[in-house]
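Only heavy atoms go into these numbers, but all of them, side chains included; no hydrogens, no water, no symmetry mates. Everything quoted here is computed from the prediction, not taken from an experiment. So you know, we letter chains A, B, ... as the sequences are listed, proteins then strands, and number each from 1.
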Amino acid sequence: MTTFSFTVQSVCLGGLALLFGYTLWLMRTGRLNAQITVRWVLAESAVFLAVLLWRWLPLFSVTSTLGDRELLVILAVVFFVFIAFLVLDCLVRISTHTHQIKLLTQELALLRECTEPRRDQKIVEPSDRE
Amino acid sequence: MKLLIIIPAYNEEESLPGLLEEVRQAGYDAVIVDDASSDSTKQVAKSAGFPVLSLPVNLGIGGGVQTGFVYAERNDYDIVVQVDGDGQHDPGQIPKIISHITRGEADCVIGSRYMPEAPDTVHETSFARRMGMYFSTGILHLATGLRIHDTTSGFRALNRAAFGFFATEYPVDHPEAESLLLLHQAGFRILEVPVMMRDRTGGQSLFTFFRAILYPLRVIIGFMGILYKKTRRNNI
């Protein structure tokens, strides 16, 4: 590995550590649901390990024979794949929740239709007695 | 046979009273699906004495109509007719639409404005809607071989099997063309009958210029999703 690649590795690890810390802080302040964040934390940990161990990983070990610019290109591609995966993962979650909200909304409307006439009746009943 | 008219309505306080009066005079059962309107649509529908399914958040036309299908299924109706809340669909033409279903000739019948033998020359369709309709007609023909002339018509009748199917699976946004593909894939029989439509008596169409631009993309993605599902089912 060249000194340049070591610098890139350090910057990546530093950035990921900051991101991890920020994620934990968001969870602690209750803005991120722990259950939903599990996949994100797993993905973050996988990237952290990949950067930490890239000297021994087949994809990154190739970079040791390449120049500095190629290393950056490979990092950029990996970063893009990582972001694309996260976006898709978010879309899947949003789709699932949208479907659940739709079902709940429909059930609520059907339930209202059954209960509202009874409620109106109850409101009317006392005045009728008078 | 028990028949239910499903009327999806979003901000239709002006059109709804006239339409509901026509439905009452014809003696049909009806349910109004209020898609979280910001005007007095719900009150207007309730004061007419029909059951109202009041959605707490806006689901779009697909989600609204599907709620009506679930209602029809749970209340043991045999046929449903979808009639738009804007007053464009004449309840007087319902017998014509349901006749093929009662005779068992079709599972879904579409009231069509563009059938070559009897085109609707009175009602004027906007340019954006016409373009969207031609696009979805073409893509449906490519995907299935079906020749439907009015894929965007919301004036439809369905038998119990077809609306029961839609109660579990129905597209959310611009569902008309996609729902035809779904029916075809599931093996239901689709027919068209010529009808005359009227101009809306109030409110505004949801098919705006901006939506018209996005419509082809939505249709393509929706069709791809349905066709992919079908392929996967076949493989299983």
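Looking at B:Val172, the atoms closer than 4.5 Å to chain A (heavy atoms on both sides) all sit in the side chain, from C-beta outward. Heavy atoms closer than 4.5 Å to chain B are found in the side chain of A:Leu108, but not in its backbone.
Nearest heavy atom pair, residue A:Ala109 against residue B:Ser54, reads CB-O, 3.5 Å.
Inter-residue side-chain proximity for A:Glu113 and B:Val52 is flagged as unmet; no heavy-atom pair is nearer than 4.5 Å. In this structure the side chain of B:Pro56 reaches within 4.5 angstrom of the side chain of A:Arg112, judged on heavy atoms.
Results of the side-chain contact (heavy atoms from CB on, under 4.5 Å) test with A:Lys102 over B:Val57, B:Leu59, B:Leu55 single out B:Leu59 as the only residue that passes.
Contact annotation for residues 69-78 of chain B against chain A (heavy-atom separation below 4.5 Å, listed by residue number): B:Val70, B:Tyr71, B:Arg74.
Summarising the local packing, NE2 of A:His97 is surrounded by more than 12 heavy atoms from other residues, nucleotides or ligands at distances under 6.0 Å.
Within the 3.5 Å criterion, the main-chain N or O of B:Gln66 finds no donor-acceptor partner in the side chain of A:Gln106.
Within the model, atoms OG1 of A:Thr105 and CG of B:Asp35 stand 9.5 Å from one another, a figure rounded to the nearest 0.5 Å.
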